[in-house]
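Here's the structure, in structure tokens; my notes come after.
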Amino acid sequence: MSLWKHSIKELSEQLHQGSISATELLDDTWKRIDAVEPRVHGFLSLLRDFADAAAKRADESLKKKTGSYLTGIPLAIKDVICVKDYPTTCASKILENFKPPYHATVVERLSEAGAVLVGKTNMDEFAMGSSTENSAFGVTRNPWDTSRVPGGSSGGSAAVVAAGEVPGALGTDTGGSIRQPASLCGVPGFKPTYGMVSRYGLVAFASSLDQIGPFARSVYDCAKIYETIAGHDPKDSTSAKMTVRDLPDYQDLDKIDEGLIKGLVIGLPQEFLGEGLDPEVKAGVLKTAKIMEGLGAKIEEVRFPSLDYAVSAYYVIASAEASSNLARYDGTRYGLRVSGKTTKAMSAATRKAGFGREVKRRIMLGTYALSAGYYDAFYLKAQKIRTLIRNDFLEAFKKCRLLLTPTAPSHAFKIGEKSSDPLAMYLSDIYTIPANLVGIPGLSVPVAFSKEKLPIGAQLLGPAFSDWFILKVGSMLEKHLQLPFQAPVETC
Ligand code: GLN
């Protein structure tokens with residue numbers, strides 16, 4: 001039936017009209033997954049029984065006319081988000097056999113909305129990485145060119161959407177892990193304001209930075225998924241006490257008009273266009289600025305002097321938080337246990353066998369940065385840089401409502417190209433990390449293709465809680481860009 005070619009909007013219309021059923025759509029999804037997974041490897045596990053039951057329930061509610069926008073829509077979930085009684089591995093050997101005893105709040109909310117969760121997607125181990133090469137269970141391939149990475153750490157989620165396996169997915173973004181793979185796979189991806197989406201049931205990497213967010217084939221569909229998962233959750237103490245409807249500029253997306261961008265001041269931070277940026281990506285961002293200008297926006301140059309320090313500060317803070325969060329994997333309670341003569345020996349053997357190289361590097365880096373004598377020199381200093389970055393954003397947002405930047409410095413790179421050079425890999429996140437350090441929302445939208453036919457994304461950033469405004473502007477922008485979001489995976 002080739003239903004996989006459609007956006008959630010189109011599928012939702014067909015489901016509600018009764019021209020297809022949720023069960024038929026799910027069957028078609030399994031066929032598509034079976035056909036392209038051998039080339040893409042975006043999934044770590046499929047939730048066959050769970051999805052079959054959800055599709056049947058969706059059909060009942062569609063028959064009763066009680067369905068929502070997402071009723072019957074197949075979606076994928078990054079394997080760092082808990083689905084009760086199904087494997088949640090975080091792409092790590094240490095959690096290979098772990099099945100959580102509860103659902104994450106986002107899983108509850110999607111299920112209540114009638115979505116059909118079909119599988120758990122591949123990722124860098126514990127979300128640490130920018131290419132999905134750090135997965136303990138094999139790399140995911142970019143559907144636009146399978147010799148290349150899909151980005152990371154939510155590379156599986158971005159790839160399965162780009163390959164047409166599902167029309168939408170959830171990922172997580174601690175330093176760019178939704179926006180960077182979205183950019184490399186040519187699909188929109190949105191990181192909400194910190195606190196807008198509950199982290200309950202999300203396996204923690206760096207708790208002050210982690211956020212869950214959507215990928216889809218259109219910004220419109222990202223917004224609809226976001227609308228479903230966002231809003232206060234008493235189970236997450238950092239959850240904002242508001243719903244999407246309380247956000248400034250909240251409005252039905254179907255009612256936005258062409259005038260939205262007219263007179264809008266958009267900042268172009270010069271430091272984001274400097275050294276290290278691929279010229280084709282730069283051209284894509286400048287073309288986007290021109291399009292927005294054509295729609296009536298005013299483009300202003302702004303300065304962002306602290307950008308140079310963002311990556312260093314992020315890797316100290318994220319690693320420090322990770323070293324503490326990952327202390328719980330010691331063979332006692334979760335997942336893998338390798339026996340030893342004493343408890344200490346058991347724990348050491350478990351962690352040695354269970355964690356991959358990058359995760360060990362972060363744990364050591366973080367423990368070092370937090371240790372007595374080094375705390376002030378590293379951790380405290382990194383937190384101060386966080387304040388400087390916040391000040392840069394505050395200054396910029398005095399002059400403009402949104403910032404336009406590249407999402408990533410380059411298009412998708414070759415598998416293996418950066419895996420032996422952690423610093424080169426860490427720099428993939430230079431443009432996305434600042435938003436996480438200050439908790440603001442960011443959207444990556446595909447804006448261009450390179451000469452090699454690889455997608456290029458641009459990023460829209462706005463002040464905290466400007467989520468809906470960013471999504472509206474992004475949605476308007478994509479109408480004027482009209483790029484294909486479907487990777488030619490068949491021909492790869
Ligand atoms: N690539 C960054 C890192 O490795 C960001 C990861 C993320 O956002 N989860 O830490």
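Atoms within a ligand are numbered from 1 in the order they appear, just like the ligands themselves.
Note: no N/O pair closer than 3.5 Å links K78 and ligand 1 by distance alone. Checking only distances, T172 never comes within under 3.5 Å of ligand 1, N or O to N or O. Inclusion of F205 in the set of residues having an N or O under 3.5 Å from an N or O of ligand 1 is not warranted. Any N or O atom pair closer than 3.5 Å counts here, and G129 shares at least one such pair with ligand 1. Where the criterion is an N or O separation shorter than 3.5 Å, residue side chain and backbone included, A127 meets it with respect to ligand 1. In terms of N/O distances under 3.5 Å, ligand 1 is approached by D429.
Looking at D233 and S239, their side chains never bring a donor and an acceptor atom within 3.5 Å of each other.
The salt bridge (charged side-chain N to carboxylate O under 4.0 Å, His left out) with D173 is formed by just one residue from the set R179, K191, K78, R199; it is R179. With R148 as reference, E452 is the one residue of E452, E417, E133 to meet the salt bridge (charged side-chain N to carboxylate O under 4.0 Å, His left out) rule.
Using a non-hydrogen distance threshold of 4.0 Å, R362 registers as a contact of ligand 1.
At a heavy-atom distance under 4.0 Å, only side-chain atoms of S153, from C-beta outward, approach ligand 1.
More than 12 heavy atoms of other residues, nucleotides or ligands lie within 6.0 Å of NZ in K360, so this atom counts as buried by the packing criterion. The environment of K414 atom NZ is dense: over 12 non-hydrogen atoms of other residues, nucleotides or ligands sit within 6.0 angstrom.
Ligand-side atoms of ligand 1 in range of M128: 4 (O), range being under 4.0 angstrom from any heavy atom. The Y314 neighbourhood of ligand 1 comprises atoms 2 (C), 3 (C), 5 (C), 6 (C), 10 (O), with distances under 4.0 Å to a heavy atom of that residue. With ligand atoms numbered from 1 in the order given, ligand 1 contributes 8 (O) to contacts under 4.0 Å with heavy atoms of G176.
For F205 and F126, the gap between ring centers reaches or exceeds 6.0 Å. Checked against a 6.0 Å centroid threshold, the rings of Y426 and Y314 do not count as neighbours. Less than 6.0 angstrom separates the ring centroid of F304 from the ring centroid of F393.
With atom 7 (C) of ligand 1 as the reference point, the heavy atom nearest to it among A206, A318, S319, S177 is part of S177.
At the shortest separation from atom 3 (C) of ligand 1 among protein heavy atoms lies Y315 OH, 3.3 Å.
Summarising the geometry, atom OG1 belonging to T174 is positioned 6.5 Å from atom CG belonging to N436; distances are rounded to the nearest 0.5 Å.
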